[in-house]
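Predicted, not measured: the structure shown is a model, and the values here were computed from it. Counting starts at 1 for both ligands and their atoms, following the listed order.
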Amino acid sequence: MANSKYEYVKSFEVEDEIVLPHVIVVRLHARDYLRFCKAHELRRPYDEEALDLMNSCAEFVQRKYPDILFSYGFNDEYSFVFKKKTKFYERRASKIFSLITSCFTSVFVDKWKEFLSGRELKYPPSFSGQVIVCATVDVLQHYLAWRQHECYIANQYSACFWALVSHGRTEKEAEDILKDTKKQEQNEMLHQQFNINYNNLPKIFRWGSCVLLMEVEAIVKYDKDGCPVKRLKKQISTVHSQDIARRTFWNQKPSLVKELGSFVEDIKRIDKDYIKYFQSEAKLMPYTWAVIRIDGCHFHKFADVHKFEKPNDEQALKLMNECAVGVLDEFREVIFSYGVSDEYSFILKRSSHLQRTNPSDIVSSVVSFFTSMYVMKWKAFFPLTDLVCQPSFDGRVVCYPSTEILRDYLSWRQVDCHINNQYNTCFWMLVKSGKSRSDAQQILKGTQSQEKMELLANNFGIDYNTIGEMLRLGSSAFWEEENGCSKIVVQHCNIIDDGFWGAHPCILA
Ligand code: GTP
Ligand code: MG
């Protein structure tokens, strides 16, 4: 099988590099947080443990990716500001926001028990993320001012709403009472009806939280005369500040000023055009097949750390399949998915309403949900292995204009599965038989498929065609009608030939 026949599909992938001098900000927020709060009985109007968990996830992300200098969050959202000259993921937008969202989700699930002990995670939490591109430091300043203003507005509303509910109003009544009320009226309501002074509520709630990466001077040792030897050390700290977009806050942080520039003047009024810009995003091409492809980040290392079987770990592949099934169940617009190794492709219905929403939203939501499932289901597949580092995935969406090209895309992935699996099977058989890795590489260099089949048969008595179908063909997860009801099935079949598609005409209808 020659892969070149299908490789042309790569040309549909669009370049999304964010060029310098633009500053990259990633903003993420929880999907359907209200439902999540209710299901997990989070305290209202705020649950400090949940906020602490969010902050801890942001600190983790910032520690893991030192190119993030500053982050700001409140309620269910966080924004991460990268240093201006970052080369993170070659500045490719979809890789950046999907990976950060995935990493955050992974830690959120992993640390849940630490912060909300006694409360079981009832379903996989997920976040949606996007990149905000700031052309100048002034745009960044407006962005931060806007988010902190939203924090204030949202939390004041929330304080009133839950005060009304806790005093006997229904949620609908509280909503009606608060409709169109102004800041001042809400303040008075809190004060007069409920005896609450908004300004006395915790800062974390009113102002949100900032995570800063700062260089501080620290004593590393003492020299022979007993004098301290100092070095600059990077330190992460979380603070709550009232005015993150003011000069008094920003310009006093040398690391922020050095990497991003200083704020020239304070913002008197947040420009509506800026807000419109922050909320705008291009849509996906209509009437095309949109494919979201996710891929495990540094899975060679993740596989090593968790002692995955080489070249294929059946449990790891089954875990990937289980997560894909979860995605199909959660996102009903996904009609077919195909996975191999640490990657999965999800095809959206051509008429999908999701295609009319933001591409970042779709990609990040799928990546985040998949990651969440992966961490939650880990123990079911690896009962004896602890998750020692958090898995994360990146994602992208590509639109294919015709069914024929979409089929070529899937063929490309399945041919890739075959080529990699055949190579890896030979490679690891040679290594397990005593050859060094470089010798095994040398032996396999330039060999064709047939030669590899012969190598396996002659040297190891293995008939390649009898190796498990999941390993040779990858996995397809899709909805199927069975006895009048629909269910998600996982099959390992040839999706290159017409046979499968002829037998399942509804999938790509
Ligand atoms: P990036 O995707 O670029 O971050 O790198 P990566 O390390 O994830 O590599 P890539 O996605 O190109 O390839 C997936 C890698 O995951 C493989 O090369 C393997 O090292 C590892 N992997 C995936 N599945 C298995 C498995 O079942 N067993 C073992 N041992 N390794 C696996
Ligand atoms: Mg990978």
Side-chain angles (χ1 to χ4, degrees), residues 3 7 10 13 16-17 61 64-65 67 87-106 291-324 337-346 363 366-368 370-371 373-375 377-378 380-382 384-385 387-398 412-432 437-438 440-441 444 467-475 477 490 492:
N3 212 0
E7 275 195 8
K10 280 205 261 185
E13 294 174 7
D16 64 351
E17 180 189 338
V61 170
K64 180 158 180 182
Y65 301 112
D67 274 12
K87 296 227 168 62
F88 189 61
Y89 265 70
E90 294 154 342
R91 300 180 68 97
R92 279 141 76 194
S94 89
K95 288 252 180 187
I96 296 172
F97 74 72
S98 58
L99 184 66
I100 297 299
T101 312
S102 174
C103 178
F104 192 93
T105 310
S106 202
V291 178
I292 297 159
R293 183 165 84 241
I294 71 169
D295 188 290
C297 177
H298 300 325
F299 253 54
H300 65 280
K301 198 167 152 220
F302 185 83
D304 274 354
V305 169
H306 295 96
K307 303 203 167 39
F308 282 7
E309 298 267 345
K310 288 174 188 338
N312 291 297
D313 189 298
E314 292 220 12
Q315 283 306 101
L317 294 175
K318 284 181 180 159
L319 171 55
M320 291 288 288
N321 292 344
E322 176 85 359
C323 299
S337 64
Y338 176 72
V340 40
S341 182
D342 67 339
E343 73 165 60
Y344 239 102
S345 298
F346 297 96
V363 176
V366 168
V367 170
S368 172
F370 192 97
T371 312
M373 284 278 294
Y374 198 97
V375 180
K377 296 274 176 185
W378 174 264
F381 289 82
F382 293 95
L384 303 177
T385 313
L387 203 49
V388 293
C389 61
Q390 283 78 7
S392 46
F393 296 82
D394 67 57
R396 65 168 78 196
V397 60
V398 183
W412 174 49
R413 297 323 302 139
Q414 193 164 43
V415 171
D416 218 40
C417 164
H418 169 79
I419 291 174
N420 288 335
N421 187 56
Q422 212 184 32
Y423 181 92
N424 290 338
T425 308
C426 291
F427 179 84
W428 287 107
M429 284 313 295
L430 288 166
V431 171
K432 282 174 191 171
R437 291 184 186 210
S438 61
Q441 248 166 16
L444 292 170
I467 287 178
E469 286 181 323
M470 179 165 68
L471 318 181
R472 281 186 296 119
L473 298 167
S475 304
V490 178
H492 317 291

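Taking only nitrogen or oxygen atoms, main chain and side chain alike, Pro311 reaches within less than 3.5 Å of ligand 1. At least one N or O atom of Asp295, backbone or side chain, sits closer than 3.5 Å to an N or O atom of ligand 1. Polar contact with ligand 1: absent for Lys301 (N/O pair, distance under 3.5 Å). By the 3.5 Å distance cut-off applied to N or O atoms, Gly296 is counted among the residues near ligand 1.
With a 4.0 Å cut-off on non-hydrogen atoms, Asp313 touches ligand 1 through its backbone as well as its side chain. Contacts between Glu309 and ligand 1, counted as non-hydrogen atom pairs separated by less than 4.0 Å, involve the backbone only.
For atom 11 (O) of ligand 1, a protein heavy-atom neighbour is present inside the 4.0 Å cut-off. In this structure, atom 3 (O) of ligand 1 has its sub-4.0 angstrom surroundings free of protein heavy atoms.
Using 4.0 Å as the threshold, Leu317 has no heavy atom nearer than that to any atom of ligand 1.
Protein heavy atom at the shortest distance from atom 5 (O) of ligand 1 is His298 N, 3.8 Å. Scanning the protein heavy atoms around atom 13 (O) of ligand 1, the nearest turns out to be Asp342 OD1, 4.0 Å. Here the protein heavy atom with the shortest distance to atom 8 (O) of ligand 1 is Phe299 N, 2.8 Å. At the shortest separation from atom 18 (O) of ligand 1 among protein heavy atoms lies His300 CB, 4.6 Å.
For Arg413 and Glu343, the salt-bridge test passes: some basic side-chain N is under 4.0 Å from an acidic carboxylate O. The existence of a salt bridge linking Asp304 and Lys310 is confirmed by a sub-4.0 Å separation between a basic side-chain nitrogen and an acidic carboxylate oxygen. Using a 4.0 Å cut-off between charged side-chain N and carboxylate O, Arg92 and Glu13 make no salt bridge. Note on Arg91 versus Glu17: no salt bridge recorded, every NZ/NE/NH1/NH2 to OD/OE distance being 4.0 Å or above.
With hydrogens and angles ignored, the 3.5 Å screen pairs a side-chain donor or acceptor of Ser98 with a backbone N or O of Lys95. A donor-acceptor pair is defined here as one N or O able to donate and one able to accept, closer than 3.5 Å; no such pair exists between the side chain of Asp416 and the backbone of Trp412. Side-chain atoms of Ser337 come within 3.5 Å of backbone atoms of Ala477 as a donor-acceptor pair (strictly under, hydrogens ignored). Proximity of a side-chain donor or acceptor of His306 to a complementary backbone N or O of Leu387 within less than 3.5 Å is not detected.
Atom NZ of Lys301 has 12 or fewer neighbouring heavy atoms from other residues, nucleotides or ligands inside a 6.0 Å radius.
Contact atoms of ligand 1 toward Ser341: 14 (C), 23 (C), 24 (N) (distance under 4.0 Å to a heavy atom of the residue). Contact atoms of ligand 1 toward Ala303: 29 (C), 31 (N), 32 (C) (distance under 4.0 Å to a heavy atom of the residue). Which parts of ligand 1 touch Cys297 is read off a 4.0 Å heavy-atom cut-off, strictly below it: atoms 4 (O).
When the Mg ion (ligand 2) is compared with the N/O/S atoms of Asp295, atom OD1 turns out nearest. Looking only at its N/O/S atoms, Asp342 has OD2 as the one nearest to the Mg ion (ligand 2).
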Between Asp295 and Tyr344, is a side-chain hydrogen bond (donor to acceptor under 3.5 Å, both in side chains) present by the stated rule, with each step listed?
CA-CA 7 Å; Asp295 188 290; Tyr344 239 102; over 6 Å; no
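Residue contact annotation: Glu343 places no N/O/S atom under 2.8 Å from the Mg ion (ligand 2). Gly296 lies close to the Mg ion (ligand 2), since one of its N, O or S atoms is found at a distance under 2.8 Å.
For the side chain to side chain contact (heavy atoms under 4.5 Å, CB included) with Ser102, the lone residue among Phe370, Phe97, Phe393 that qualifies is Phe393.
Between Trp378 and Phe382, the two ring planes are parallel [angle under 30°; tilted spans 30° to 60°].
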